[in-house]
> 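Okay, handing you the structure first.
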Amino acid sequence: MDNTSGDTIQGATMLPGEGADTLSVPKLRIPAEAIEAFGNDLTDRVAAYTAALEAHRFSIGEPRPVEHPLVEAIVAAGGMDAVEIAAALPPPEPETPAAPSPLALPTPPTGEITKLRLVEALGAAGKLREAMALLKLEAPATDLTDAELLLRERWFAAQSLNLHASEVATLLEAIGVDPASLIA
């Protein structure tokens with residue numbers, strides 16, 4: 001019974017023979033790493049397995065000898081003379097990330113500012129308390145008009161603001177801050 005039907009040798013390939021006739025036996029190409037894993041005894045194991053298979057030909061009722069799939073593949077290909085050792089591949093070069101294209105980054109719309117930057121600018125100008133008072137952040141929702149509630153909720157939800165939006169421009173003008181002064 002052949003025990004190697006599902007076994008494969010990783011990286012092994014069959015190459016066309018070098019003879020001129022069409023019946024030449026292809027060479028078995030084995031990566032150097034697979035050969036090196038066996039050390040010096042691979043040739044001895046191939047010879048011993050070949051001898052064991054020859055002796056088995058004349059046996060009756062004896063199980064077929066079994067060996068490592070690589071050894072069996074080498075014997076099936078015709079022995080060590082039918083093996084071509086593939087050079088070890090150099091380690092892959094680490095990939096360097098490509099520089100991001102300046103066109104790939106979205107450009108913020110004119111007048112766009114992060115809420116953090118706006119808060120920092122208002123704080124530096126001494127206008128943060130006035131802005132927070134106009135947003136009525138502490139007032140109950142029932143005491144606010146729909147427009148005031150919408151403005152407050154937009155403030156909480158936003159990560160960035162457009163200084164040209166009417167609500168933002170109106171708020172900044174009410175506390176005496178020119179929106180153009182915040183765009184750098």
> Minimum heavy-atom separation for Lys136 to Glu148, with atom names?
NZ-OE2, 2.6 Å
> Can you find a heavy atom in the side chain of Ile74 that is under 4.5 Å from one in the side chain of Leu42?
yes
> Check whether any side-chain heavy atom of Thr114 lies under 4.5 Å from a side-chain heavy atom of Gln159, and answer yes or no.
no
> Measure across Arg45 and His68 and return the closest heavy-atom pair with its distance rounded to 0.1 Å.
NH2-CB, 3.7 Å
> With a 4.5 Å cut-off on side-chain heavy atoms, are Leu135 and Met132 touching?
yes
> May I ask you to decide whether Glu120 forms a salt bridge with Arg117, counting only side-chain N to carboxylate O separations under 4.0 Å?
no
> Is it the case that the side chain of Arg152 and the backbone of Ala139 share a donor-acceptor pair, with hydrogens and angles ignored and the cut-off at 3.5 Å?
yes
> Does any part of the side chain of Leu53, heavy atoms only, come nearer than 4.5 Å to the side chain of Arg64, both counted from C-beta?
yes
> Mind checking whether Leu122 and Leu172 have side chains closer than 4.5 Å, heavy atoms only?
yes
> Rounded to the nearest 0.5 Å, what's the gap from CG on Leu163 to CD on Glu112? Could you check?
8.0 Å
> How close do Trp155 and Leu118 get, heavy atom to heavy atom, and via which atoms?
CZ3-CD2, 3.9 Å
> Please give me the minimum heavy-atom distance between Val46 and Gly79, naming the atom from each residue.
CG1-CA, 4.4 Å
> Do Val119 and Leu128 touch side chain to side chain, with heavy atoms closer than 4.5 Å?
yes
> Between Ala82 and Ala77, what is the shortest heavy-atom contact and its length?
CB-O, 3.1 Å
> Holding to side-chain hydrogen bond (donor to acceptor under 3.5 Å, both in side chains), I want the full list of residues that pass it with His164, two or more places apart in sequence or in another chain.
none
> List the atom of Lys127, the atom of Ile175, and the distance in Å for their closest heavy-atom pair.
NZ-O, 3.0 Å
> Can you hop from Leu151 to Val177 via hydrophobic side chains spaced under 4.5 Å?
yes
> Can Phe156 be reached from Leu150 by stepping across I, L, V, M, F, W or Y side chains whose heavy atoms are under 4.5 Å apart?
no
> Are more than 12 heavy atoms from other residues, nucleotides or ligands located less than 6.0 Å from atom CG of Asp41?
yes
